[in-house]
Amino acid sequence: MQAQTKIKSHTSPIVQLNQEKGIKAFIKKCRSQKALLFMTLPFVIWVFIFKYFPVWGWSMAFQDFKPARPFSEQEWVGFKHFIFLFTDDRFLGVLRNTLAQSIINLVLGFVTAIGLALLINELTNLKFKKVVQTISYLPHFLSWVVAAALVSSVLSIDGIVNEILMGLNIIDKEILWLGKGEYFWGILGASEVWKNVGWNTIIYLAAISMIDQEQYEAAKIDGASRLQRIRYITLPGMKQVIVILLIMNIGYIIEAGFEAQYLLGNGQNIEFSENIDVFVINYGISMFNFSLATAAGVFKTVISLIFLMAANSFSKKMGQGGLY
């Protein structure tokens with residue numbers, strides 16, 4: 001005990017001195033960058049108001065919330081709504097749909113965005129390169145209302161997809177694609193790729209532009225082919241960006257989206273199209289069961305946080321860096 005006390009007495013002044021130096025350095029840096037701090041202040045306030053302050057509403061998940069009652073008169077029911085979610089067969093099916101849709105969107109989104117970025121980077125004709133980029137970006141700026149209408153038209157009985165497949169003798173009669181639930185996940189994944197692949201390439205093209213061009217010149221001198229330059233220079237140069245984006249997207253694995261599923265879904269494919277967000281609208285907000293809707297939202301947030309922290313920890317253990 002005496003030895004431990006002596007060690008503490010010797011080390012505590014050093015620790016305290018380092019802490020004081022750290023505080024002084026932090027204050028000095030804040031003073032030197034006060035203009036930047038004032039610029040970020042509105043965004044910090046926005047984040048607090050719209051991201052942290054609403055967390056108070058999570059209390060509704062533990063109540064039979066009635067909008068007309070004051071907070072002090074609400075009936076507290078504990079984990080009743082969470083128990084209902086985890087024991088309800090429909091919600092378990094909805095959770096399956098959410099995970100399946102998210103994983104399909106994640107895999108297709110990453111593969112297609114990275115692939116398109118590599119192809120665009122290899123184009124040497126600048127005018128053609130700009131045309132390709134512009135065309136690939138355009139669908140991103142369409143609202144899902146317009147995009148869903150286009151997808152529904154293309155996949156209708158007399159749509160172009162049925163016309164092409166019947167012209168090639170691949171199918172014998174028209175198929176109502178959105179009327180068959182087993183096709184919905186593939187349709188959703190293809191629609192997400194068509195709408196967002198161009199926009200998702202922007203950050204990868206930015207990462208490629210940061211790679212030292214002398215590496216490519218040296219590789220050409222050594223006789224490396226295009227595929228070899230992509231494999232040994234471009235992809236390693238993009239690796240850190242890919243890892244960070246993958247971690248962030250894994251954190252949203254339970255967030256499959258809402259608009260596309262709601263607009264493309266119908267009574268015939270609801271078994272495969274209904275995800276957690278659509279479930280919350282149909283059985284929470286539409287039926288004024290705000291407590292159930294809040295419980296589902298809390299569940300999504302907790303699971304997203306767990307996935308994010310697990311992905312970040314795994315990435316750091318593999319030596320690839322992380323978000324923090």
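For this chain, numbers begin at 1 and follow the sequence in order.
- At a threshold of 4.5 Å between non-hydrogen side-chain atoms, the residues Ile276 and Leu95 count as touching.
- In this structure a side-chain-to-backbone donor-acceptor pair under 3.5 Å is present from Ser32 to Lys29.
- Phe48 and Tyr52 have parallel rings, their planes meeting at less than 30° on a 0 to 90° scale where 60° marks the start of perpendicular.
- In terms of modelled atom types and a separation under 3.5 Å, the side chain of Ser59 and the main chain of Trp56 share a donor-acceptor contact.
- For the pair Ser304 (side chain) and Gly251 (backbone), a donor-acceptor distance under 3.5 Å is present.
- Counting non-hydrogen atoms of other residues, nucleotides and ligands closer than 6.0 Å to CZ of Phe110 gives a total above 12.
- Interatomic distance, Ile157 CD1 to Asn162 CG, rounded to the nearest 0.5 Å: 6.0 Å.
- In this structure a side-chain-to-backbone donor-acceptor pair under 3.5 Å is missing from Glu255 to Asp277.
- With hydrogens and angles ignored, the 3.5 Å screen pairs a side-chain donor or acceptor of Asn125 with a backbone N or O of Lys127.
- Residues Arg229 and Arg226 have side chains in contact (heavy-atom distance under 4.5 Å, counting atoms from C-beta outward).
- Crowding of Phe141 atom CZ: a count of heavy atoms from other residues, nucleotides or ligands under 6.0 Å exceeding 12.
- No more than 12 heavy atoms of other residues, nucleotides or ligands sit less than 6.0 Å from atom CD of Glu214.
- You'll find the side chain of Ser291 stays beyond 4.5 Å of the side chain of Phe84, heavy atoms only.
- A salt bridge does not link Glu75 with Lys66: none of the charged nitrogens is closer than 4.0 Å to a carboxylate oxygen.
- In this structure the side chain of Thr98 never reaches within 4.5 angstrom of the side chain of Phe279, judged on heavy atoms.
- The environment of CZ in Phe307 is sparse: at most 12 heavy-atom neighbours from other residues, nucleotides or ligands sit within 6.0 Å.
- A donor atom on one side chain and an acceptor atom on the other are not found under 3.5 Å apart for Glu274 and Gln261.
- Expressed to the nearest 0.5 Å, how far CG of Leu106 lies from CG of Asn249 amounts to 5.5 Å.
- Here the two rings, on Phe299 and Phe82, have centers that are 6.0 Å apart or farther.
- Formation of a donor-acceptor pair under 3.5 Å by the Glu73 side chain with backbone atoms of Phe71 is not found in this model.
- At distances below 3.5 Å, at least one donor-acceptor pair connects side-chain atoms of Ser152 with backbone N or O atoms of Ala148.
- Figure legend: cation-pi geometry between Arg96 and Phe272, with NZ or CZ positioned under 6.0 Å from the six-membered ring centre and within 45° of its axis.
- Note that CG of Leu292 is 10.0 Å distant from CD1 of Ile285, once rounded to the nearest 0.5 Å.
- The closest side-chain heavy-atom distance from Ser156 to Val154 is not below 4.5 Å.
- Rounding to the nearest 0.5 Å gives a distance of 14.5 Å between CD1 of Ile250 and CD1 of Ile306.
- Side-chain contact between Phe288 and Phe290 is present, with heavy atoms from C-beta onward closer than 4.5 Å.
- A donor-acceptor pair is defined here as one N or O able to donate and one able to accept, closer than 3.5 Å; such a pair exists between the side chain of Asn200 and the backbone of Asn196.
- Atom CD1 of Ile230 sits about 8.0 Å away from atom CG of Asn121, to the nearest 0.5 Å.
- With hydrogens and angles disregarded, a donor-acceptor distance shorter than 3.5 Å links the side chain of Thr87 to the backbone of Ile83.
- A donor-acceptor contact closer than 3.5 angstrom links the side chains of Asn269 and Ser273.
- Judged by distance alone, the side chains of His81 and Asp64 do bring a donor and an acceptor atom under 3.5 Å apart.
- Taking all atoms of both residues into account, the shortest heavy-atom contact from Thr294 to Met60 is OG1-CE, 3.4 Å.
- For Phe86, the CZ atom counts as densely surrounded, since its 6.0 Å shell holds more than 12 non-hydrogen atoms of other residues, nucleotides or ligands.
- Counting heavy atoms of neighbouring residues, nucleotides and ligands inside a 6.0 Å radius, atom CE of Met248 does not exceed 12 of them.
- Annotation for Ile160: atom CD1 does not count as buried by contact number, only 12 or fewer foreign heavy atoms lying within 6.0 Å.
- Other residues, nucleotides and ligands contribute at most 12 non-hydrogen atoms within 6.0 Å of the OH atom of Tyr232.
- Side-chain N or O atoms of Ser313 include none that pairs as donor or acceptor with a backbone N or O of Ala310 at under 3.5 Å.
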Does the pair Trp76 and Phe65 meet the rule for a ring-ring contact (aromatic ring centres under 6.0 Å, His included), with working shown?
CA-CA 8 Å; Trp76 293 85; Phe65 180 78; over 10 Å; no
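- Remark: Tyr262 engages Phe258 in a ring pair (Phe, Tyr, Trp, His ring centres under 6.0 Å) (not counting sequence neighbours).
- Rounding to the nearest 0.5 angstrom, the gap separating the OH atom in Tyr204 from the CD1 atom in Ile114 is 4.5 Å.
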